[in-house]
Number of protein chains: 2
Amino acid sequence: MYELFSVDDHIVEPADVWTSRVSSKHRDLAPHVLTEGGREFWCWEDKREATMGLNAVAGKPREEWGMEPARFSDMIDGCYQPAARARDLLSNGIFASVAFPTLPGFGGRKFATFADKDLALECVRAWNDFVIDEWCGAAPEVFVPMTIAPTWDADLAAAEVRRCLDRGTKALCWVEDPANIGQPGYHTDHWDPLWDVCQEAELPICMHIGSASAAVSLEGLIPIVQIAAAFAGAAHSSVNMMCSPIPRRFPGLRFVWSEGGIGWIPAAIERADRQWLRHKAWTHLDDTMPGEIARRNMWFCMIEEPVGLSYRHDFTVDRILWESDYPHADTPWPHTQDSVTELFASVPDDERIKITRTNAEQLFKFPLSQRLIDLHAPAVVA
Amino acid sequence: MYELFSVDDHIVEPADVWTSRVSSKHRDLAPHVLTEGGREFWCWEDKREATMGLNAVAGKPREEWGMEPARFSDMIDGCYQPAARARDLLSNGIFASVAFPTLPGFGGRKFATFADKDLALECVRAWNDFVIDEWCGAAPEVFVPMTIAPTWDADLAAAEVRRCLDRGTKALCWVEDPANIGQPGYHTDHWDPLWDVCQEAELPICMHIGSASAAVSLEGLIPIVQIAAAFAGAAHSSVNMMCSPIPRRFPGLRFVWSEGGIGWIPAAIERADRQWLRHKAWTHLDDTMPGEIARRNMWFCMIEEPVGLSYRHDFTVDRILWESDYPHADTPWPHTQDSVTELFASVPDDERIKITRTNAEQLFKFPLSQRLIDLHAPAVVA
């Protein structure tokens, strides 16, 4: 059995994440679940969300998939119950899992849209405490704590990351490019307080596709395009970062692009390096090539990408991570072991182990539990 | 000497393109050149353009490059004089050239911003007549006529393409995704009149990076990022097209993505095909895979991309084209032959010839002139 570390899964938040944690004055306006007309809605301030689960289709036949589960009862328990999640993952040989938020949006960016920023900050903290106490608390050997930050204020963001580091967080969930959500981008010093704390703590900064992409078409695209083309956003934001002053001034930062795939990276580096050499004289760029930044400061992730994987040595095996994407449509679960067997059929063992396990163990400083492996491996093999 | 077909060069329009062609009532508001404070400006309606040449740096040392030549006299003659252009290209073994507009924007999209749409339509026609009569007229064996269309009206666009087909045009210059410039996109039947005429005439539809990208960051990016990350726009729009109904309803359409590179395409196809298989049941997609569309309806272009070129068989050698990008910063000119020698060092001759010549000859129905080859080849070799 392969012993796997998934750097990209998704939490569907239980109904009481915010109502049980925010102060009483904010309770009515914080996100809560309303039942109406046979379905459930997340509501906050004067807003209402149309989906309860964002493509949480794990365990269902493809014919029954949809973008919008209407009720918690439309989803399998592992979507929103941490104990059930841990069982589902362990049954597939996944012994560690980094999980992204759903209601808060990737990077927690939805809270930046709240009218009341005191409420918003309380909601950020509530999600972070929920993840550390309740989600990771249910299976602390499996769940890697990840933290969101206020995306509307660099000092608040740095302070919240510091607070969560004291509570044991192992990763920051951030947005691909804040410039695309109306915030200063990566060619300013605006976010330096956040970079300072992340560099000091060697905290991985995970950015999921769709979190703040330039490459979101203005047209209402069909689901297949939203998912298939989303790597373009990871491509744009990572090349922007490769060429920005941030990783040059903070050489210890660790950026992870989640669910963006890996096969386009050698081409992106080749293009950026060529442009760097051609334009460095007149635009006064330094000698650190974009490809050097990519191989030093960046990690990229893949679910099932055999062609992309065949290009791995044109990037580097040391910066590729595996992801399960449970419970979204991209997940190979419950056939994870078969997927990994097929995907790595022609890849040497030492490279497979780096990509599916040890790269992530080192990056997140979260070694797989030998106790759990001893407990579950025989059962899965049998 | 390699005999080359460049599918992507750039015309810097001479000052009288519009003033000498539009009707007298429109002359004052049509694009014209104004000299002020030691530099020149394009002016139209109540607008003024800050650049005369958009990175037209060919023939200059890299230290002297810039995004904004301020005067025609800042550029070498080949930027805006067709006879000089033909000489420059022929001296480098480039025997055919498709050239994009500058002032009109890629795809001619700038005219859609004109307040007076009668003026705008006259300006579209003026550029098209200039290209056919004056630009291509100066060296009809070298210059492949390309046509822009009104991007604000499907019927007008189809009519203008028909008019230019009667005048001998060989290509349409279009926008990557009209949805990104406020027009209906590729999941509507809005553009059917245009697709009808292009399919019937087997007219290649060329879309340059930056023409209408989703992947344009909202932040004012430094030039290196604008150029290095621009492939993300080609990636997003081509994947959108691979998954859209257009090439399924018009299976004879020929789309060319210009200056977007090629190395990311196998990964894009792999991702789109995987998503297609996973999502086709519940979103009612047909059995034509995105990768099949890519290999049937799409061509992609490359200047110098050795790593990307090494992945060519994961796409197909038959759909890759070579481009020179004269007179922009990406051009290998005046060292084109050295560039091609190095780039194709480990590529078999038959594949190099397809990519640098015969694929384009067939696509544009524009065979290289044996007379010019006989005339120029010995001189270049010597």
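We name chains A, B, ... by the order of the sequence lines, and we start the count at 1 in each one. Please read all numbers here as calculations on a predicted model, not as lab measurements.
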> Counting heavy-atom pairs under 4.5 Å to chain A, which of B/S244, B/A228, B/G263, B/A281 comes out on top?
Replying inline: B/A228
>> With chain A as the partner, which of B/Q275, B/K280, B/M242 has the greatest number of non-hydrogen pairs under 4.5 Å?
In response: B/Q275
>> Nearest 0.5 angstrom please: A/W282 CH2 to B/R62 CZ, how far?
In response: 13.0 Å
> Could you give the distance from OH (A/Y311) to CD1 (A/I265), rounded to the nearest 0.5 Å?
Replying inline: 13.0 Å
What part of [X] is in contact with chain B, defined as an atom under 4.5 angstrom from a non-hydrogen atom: side chain, backbone, both or neither?
X      : value
A/L285 : side chain
A/E270 : side chain
A/D330 : both
A/R278 : both
A/A268 : both

> Are there residues of residues 294-307 of chain A that reach to under 4.5 Å of chain B by heavy atoms, and which ones?
Replying inline: A/I303, A/E304, A/E305, A/P306, A/V307
Is [Y] close to [X] at the side-chain level, that is, under 4.5 Å between some pair of heavy atoms?
X      : Y      : answer
B/H187 : B/N240 : yes
B/D286 : B/W276 : yes
B/R312 : B/V347 : yes

How are the rings of [X] and [Y] set to each other: parallel, tilted or perpendicular (split at 30° and 60°)?
X      : Y      : value
A/W333 : A/Y326 : perpendicular
B/W174 : B/W191 : perpendicular
B/H10  : B/F106 : tilted

> Short question: side chain of B/E176, backbone of B/M207 - any donor-acceptor pair under 3.5 Å?
Replying inline: no
> Out of A/G308, A/A329, A/A235, which one racks up the most heavy-atom pairs below 4.5 Å with chain B?
Replying inline: A/A329
> Does the ring center of A/W195 lie less than 6.0 Å from the ring center of A/F255?
Replying inline: yes
